[in-house]
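One structure is given here, and the rest of the page talks about it.
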Protein chains: 2
Amino acid sequence: MGRITIYEVAKKAGVSVATVSRALNGGRVAPETKAKVLEAIRALGYRPDRMAQTLASGKSRTVGVVIPDSTGPLYGLMLRGLSDALLEHGYGYIGTESRRDPSREAALLDEMLARKVEALVLVGSGIPAQALRQRFPKLPPAVLIEREGQETALPTFQIDNEAAAYRATRLLLEAGHTRIAHIQGLRRAGRERERGYRRALADAGVPLGPMARGDFTEEGGYRAMRALIQSETFTAVFVANDRMALGVYKAAFEAGLTIPDDVSVVGFDDLAFAAYLNPPLTTLRQPAYQLGLEAGQAVLALLAGRTPESKVLPCELVARASVKHKGGVA
Amino acid sequence: MGRITIYEVAKKAGVSVATVSRALNGGRVAPETKAKVLEAIRALGYRPDRMAQTLASGKSRTVGVVIPDSTGPLYGLMLRGLSDALLEHGYGYIGTESRRDPSREAALLDEMLARKVEALVLVGSGIPAQALRQRFPKLPPAVLIEREGQETALPTFQIDNEAAAYRATRLLLEAGHTRIAHIQGLRRAGRERERGYRRALADAGVPLGPMARGDFTEEGGYRAMRALIQSETFTAVFVANDRMALGVYKAAFEAGLTIPDDVSVVGFDDLAFAAYLNPPLTTLRQPAYQLGLEAGQAVLALLAGRTPESKVLPCELVARASVKHKGGVA
DNA sequence: GCTGTTGGTGTAAGCGCTTACACGGAGTGG
DNA sequence: CCACTCCGTGTAAGCGCTTACACCAACAGC
């Protein structure tokens, strides 16, 4: 390609390549020499070759991140937070989606390792940390976001699903509801949310409500709600995520049920559409950006030799009109 | 890091490093030698270092892609299509979001060039191709998706916004509507959709309806619809995207208007929520995955020395319940 | 039997950087 | 005025690969 290399710069500036390198990477260089070098760089339009830098120095200044699904807005936000944290320190990231396929995920890891990432951020990874270390003996420092497994050898950042679900259920309880249904989600997040739901009920001495299994999609929420409506009675439902809540709205409408008059609903995630539903959906806002940011800072810490602490971030309850006080009770 | 290099493999297999390299990259190697090498690689768990490969060969087997916003589900789908196309041929990609900030976009390009991407895929790029070539003299082959500017020196893949909008408006027309409003979108896509709307009206001999400027967000759609309702009369509205349609639903509801009885609405994009709105939203499905796939194939073609053709993909009309035939007319 | 292929392999020269080491000169203290 | 330090710089050895080139069989054709 006839690229301009560090040699051209060195020649033009009348110094050695080592000096150019030092000028660029903060080694000792006399101010005026540095100025000359910088000027030559500017004049030539020189850009260092990352590959060569990485090869020579052993540090790629990039971290690899794998998310389950590049289509989810929450993951996009996480990436944003991550990138914001990393960029400040001259790090970049390369990322791809695993589509929740463990073998695909393993292949991606291979690829990232081959690219010499200095650290890894695994979001919602299905691979247990242990299996990870085994398959990839030379695993670089890693942090997890929303891990699936139990092992926690790695710093982990996640939201407090259980507390948030507890809060959601509590809200329904405080509104006087005593028959509160739950539409369950998938994976760890789903289980934790269910646990919060159960605990809130138990703490309040209210019997467990009916539950239906969902899959985090609109369609799954729709089906679950239909099943619930057909065979159970309840005045409120805590849905494990907003997408399913959409299906719940639809099923309720089709059954002639009015939200929130006949049934109150609270969702989870606070996706963009939640505020614009009819009625606006009460839900729990996930600090996705924050999660990414924290993970990014943790990675940086790890790279600096420090040991970051795992964190559990709270969700914010966003009260809107889909929950109604059940007259008389309370 | 004590990594295993090609030398270890060569020694273990009892051949030279050149032979190992050839065995890996499809050079001439005797079958049995190749078997030995492969076995040694397996035994050692050797992974070639992409950086070194790139540096030595000059080819990185990766393409850079920049999207405007990693939070948009449509872009996620594009990436998926792209990655599916590239992976088949041993290519990978590195991608990031520009957040529609030209200076950020330029910085990203810098970074990708430094990483020696062999080609570029620019989605909704704000930088004119010309300025691009000027700022980056050594620009690798590039393809555009949803370009903003007019210049078309580069292969471009986009959807037929105008035809789709024409179709949408036509649907409203065929349903007997004669006062059809439009909520405009942003950028080229917005302008093209508006043009389709105008043309459909003109072709039908129906006077132009009221228009309000939106910004592709729920809030923008809401405000635009409010303004429209307050000062205009119309029985249908073509909204430039689904997110704004959400705001439209809300504004209509607040104004006591029923969809589709009082006002029919058609959106654009067919996001996941569209089918679950009340009433389900009639909209135009964007072939986002397909767009990514085509772009990926084009990139591969470019890299193979061929010249891919630009393509304009059609959108699919998804008729749902938000459009109602206006009694009597038609 | 000799020259001409051709397939399989090794040797070694880079690719564009970083960095250990060496070196000279200027400044310091005794 | 000498021995030290320290700073700024250059020299050169890699980093882990690819690949042009050379080389050596083995085998064909004449």
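In what follows, chains are A, B, ... by sequence order, proteins preceding strands, each numbered from 1.
Mapping heavy-atom proximity under 4.0 Å, the span of DNA chain C touched by chain A runs 5' to 3' from C:dG16 to C:dA20.
Interatomic distance, CG of B:D84 versus CG of B:L79, reported as 10.5 Å (0.5 Å rounding). Distance CG/A:L122 to CD/A:E146: 12.5 Å, rounded to 0.5 Å. To the nearest 0.5 angstrom, A:I145 atom CD1 is 10.0 Å from A:T156 atom OG1. B:L87 CG to B:L82 CG: the interatomic distance, rounded to the nearest 0.5 Å, is 10.5 Å.
If you take CD of A:E32 and C1' of D:dC7, they are 13 Å apart, rounded to a whole angstrom.
Residues satisfying the side chain to side chain donor-acceptor pair (under 3.5 Å) test with A:N161, not counting sequence neighbours, are A:E192, A:R193. In this view, A:Q290 and A:P287, A:L293, A:E294, A:L313 satisfy the side chain to side chain contact (heavy atoms under 4.5 Å, CB included) rule, not counting sequence neighbours. Qualifying side chain to side chain contact (heavy atoms under 4.5 Å, CB included) partners for A:S57, counting only residues two or more places apart in sequence or in other chains: A:K59. In this structure, the side chain to side chain contact (heavy atoms under 4.5 Å, CB included) partners of A:R42, at least two apart in sequence or on a different chain, are A:E39. Shown here are the side chain to side chain contact (heavy atoms under 4.5 Å, CB included) partners of A:E88, two or more places apart in sequence or in another chain: there are none.
Applying the salt bridge (charged side-chain N to carboxylate O under 4.0 Å, His left out) rule to pairs touching residues 68-83 of chain B yields A:D69-B:R80, A:R80-B:D69, A:E97-B:R80, sequence neighbours excluded. For residues 5-15 of chain B, no pair satisfies salt bridge (charged side-chain N to carboxylate O under 4.0 Å, His left out), with sequence neighbours left out.
Note on the helix from C:dG1-D:dC30 to C:dG30-D:dC1: angle between the axes of the first and last five pairs equals 40°, rounded to 10 degrees.
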Side chains of residues 89-96 of chain B: which donor-acceptor partners sit under 3.5 Å, not counting sequence neighbours?
unit_1	atom_1	unit_2	atom_2	d
B:Y91	OH	B:E118	OE1	3.0

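Of all the residues in residues 9-21 of chain A, A:A18, A:S21 reach under 4.0 Å from DNA chain C with at least one non-hydrogen atom. Within residues 42-59 of chain B, the residues that have a heavy atom under 4.0 Å from DNA chain C are, in order of number, B:L55, B:A56.
If B:K116 and B:R22 are placed on DNA chain C by their nearest nucleotide, the residue sitting closer to the 5' end is B:R22.
Counting heavy atoms from C-beta outward, B:E105 and B:S125 have side chains that approach closer than 4.5 Å.
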